[in-house]
Number of protein chains: 2
Amino acid sequence: MAESARPTSRDVARQAGVSQATVSLVLGGKWRGRVSERTAEAVRQAAGELDYRPNLAARSLRLGRTRTALLVVPALTHEYFARVYAGAARVAEENGFGVVLYPSPEGIGPARDPFGSARAAIDGVIASSMAADALAGIGDGGLPLVMLDSGPGAPDGPPTVDLAVADGIRQVVRHLLGLGHRTITHIASDVDTWTFRIRAQTVREELAGVPGVLLRTERCALDVEPARQAAVRALSAPGPRPTALLCDGDVLAAGACKAARALGLAVPHELSVSGFDDLSLALAVDPELTSVRLPAEEVGAQGMRALLALLSGRPVPPCELPVTLVARGSTAPAP
Amino acid sequence: MAESARPTSRDVARQAGVSQATVSLVLGGKWRGRVSERTAEAVRQAAGELDYRPNLAARSLRLGRTRTALLVVPALTHEYFARVYAGAARVAEENGFGVVLYPSPEGIGPARDPFGSARAAIDGVIASSMAADALAGIGDGGLPLVMLDSGPGAPDGPPTVDLAVADGIRQVVRHLLGLGHRTITHIASDVDTWTFRIRAQTVREELAGVPGVLLRTERCALDVEPARQAAVRALSAPGPRPTALLCDGDVLAAGACKAARALGLAVPHELSVSGFDDLSLALAVDPELTSVRLPAEEVGAQGMRALLALLSGRPVPPCELPVTLVARGSTAPAP
DNA sequence: CTGTTAGCGCATTCAT
DNA sequence: ATGAATGCGCTAACAG
């Protein structure tokens, strides 16, 4: 029963009693007025009977394109990037494309050699949350490139898909101000990328004109334990104790909550804590985190759309996706 | 400045003053005693100067193999699977292989058509945590297959890489018994796969002979909110209230902790809660979760090794990886 | 030791 | 409307 070898277009041609070229035409979908309807139908039936699938290697070789995009992410174990991938993969599939992942070992640093690692041949690259200069190697390679969440680029640079993080921070700050908080510490990521620089900058700007505000900053790595330590520093620093910790991510907020509890401070009544990203973690901790929801899937989807446009030579307008504050139990009126 | 077209092995050959076949031999690493050291060096230098990279489509077409594996996972947004991927990708890269992901849209159900979707051509498949019969289509396709975390298969079936989940559960149960707990509710996943069936079975078995034990079970979906509801049911059920909730995963444990707090029960002093998986979530919640650490990366790595062995015709012994209980703050002596 | 040759499966151009 | 011929870039068998 085993027809062990995979059928080729020649096998289909033989079965349908036509030439291989005709098979290619019909299955390629471009036979209008070139092949008779009857012949086309015969070809399709033969292909179905043999369970024919075109050999992608051969197709790629012939076409010089692979219909595959490379998605470069700092770390797949972060839910945000997994969701970006999901969005990109969805749009890719809708367009007959594939996506292969390249989890950059250098984190957000220069991506050394995506091609040695992601072994598939690639038509283009989508880079998520990388430092602006981290992709020189790729840009030089002449590969079409789209950058996600890396800030508005030069008009003649690669297309970008950004999140309105500044607006998100603004919403958080106003939320905290509205609750009466005036002594606020920003628990900031120590990662030097656009998304975090703009957050710090926006916090400063929004708080600058407000009377009676005391803003301080603690930086730490993007993990629970460093955040806990940063929060301990923030809460035991000399001067008035902050009534709110504005964190650059839900993971940091979780660490901050641990610190608060260890110091005997009740969240939210004695200390408000806000997150960012709105990962599933925001609902897993208690109290649930006030956070900013990022449309991660949509970032991936728009990134893939931008790349597809780029590949077809269509113009690619820059794109900024809105984000929304989700107020939950970790923030409350200042004591 | 733009040498727009990518250099081919012919370009390298011309530059080095040798034939294309020689280039192939040298760069393919199999020239021992077939090409002189001087020639080989010239080829390597020419390749370096031109920044030559072999065309993978052509190589695949010629070889009939793609050096690419497909990893089928239920959901990439779960940290466990992201880590399995990381492990598999690492071993793959060490062996010049690539990994493409197929996040099965049907969750753990039958994987309909991995090949239409994952567009790369594939040498073999690694399936993680799928129902045993969910891969009939792949098995029939005659593709080499390795199954992860799906229980010991038939001796003549596909190779398997399993976790010692039964042992993990045993460790949890003994930990709870050692703390004096006798009224225990198992917050169980409602997903019908080997890994969860064996957990439920092991809980029953381990508790069966112990005098004075009252075991109950609440099933729920693998998410925080369903788990919270299940825990509420468990804690407000008629009869003696459980002093410990043994959860099938950290996510469920997080939900259980929320329920406890809402009901005014302090974790761990009035209620112990144990998790499973030891995700980063276990350290993000407060108190930190007693959990069972799963070597997820190692599962992926061993899975890839098994597939590589399978592809080279080497025998593949079944493999079971040990797991370890990590006792933390969410469990304490029974009140 | 090295070069020549053939062919992987497909899309395409040119005849018919 | 269809078939024959070509070549994408590579590796492997064989010739020198």
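In what follows, chains are A, B, ... by sequence order, proteins preceding strands, each numbered from 1. Atom set for the values below is all heavy atoms of this structure, side chains included, hydrogens, waters and symmetry mates excluded. Computed from a predicted structure; not experimentally measured.
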_Does B:T68 form a side-chain contact (heavy atoms from CB on, under 4.5 Å) with B:V99? I'd like the steps, not just the answer._
CA-CA 6 Å; B:T68 299; B:V99 178; over 6 Å; no

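- Judged by closest nucleotide on DNA chain D, B:A57 is the one of B:L25 and B:A57 placed further toward the 5' end.
- Going from atom NZ of A:K30 over to atom C1' of D:dA1 covers 18 Å, rounded to whole Å.
- For C:dA11, the base has a donor-acceptor partner in the side chain of A:Q20 [N/O atoms by modelled type, under 3.5 angstrom].
- The closest side-chain donor-acceptor pair between B:Q20 and B:S9 falls under 3.5 angstrom.
- In this structure, B:L27 atom CG and C:dT2 atom P are separated by 15 Å, rounded to whole Å.
- Among the heavy atoms of the strands lying under 4.0 Å from B:S24 is at least one base atom, whether or not backbone atoms are also near.
- Toward the 5′ end of DNA chain C lies the nearest nucleotide of A:R10, the other residue of the pair A:R34 and A:R10 mapping further downstream.
- Residues B:E49 and B:R44 are not paired through a salt bridge, judged by the lack of any N-O separation under 4.0 Å between the basic side chain and the carboxylate.
- Nucleic acid contact class of B:T22 (heavy atoms, under 4.0 Å, all strands): sugar-phosphate only.
- Within the 4.0 angstrom heavy-atom criterion, base atoms lie near B:L61.
- Backbone-only engagement by B:V18 is indicated by non-hydrogen atom pairs under 4.0 Å involving sugar-phosphate atoms exclusively.
- Looking only at distances, no side-chain donor or acceptor of B:D162 sits under 3.5 Å from a matching main-chain atom of B:E320.
- Within 4.0 Å of B:S60, counting heavy atoms only, lies no atom of the nucleic acid at all.
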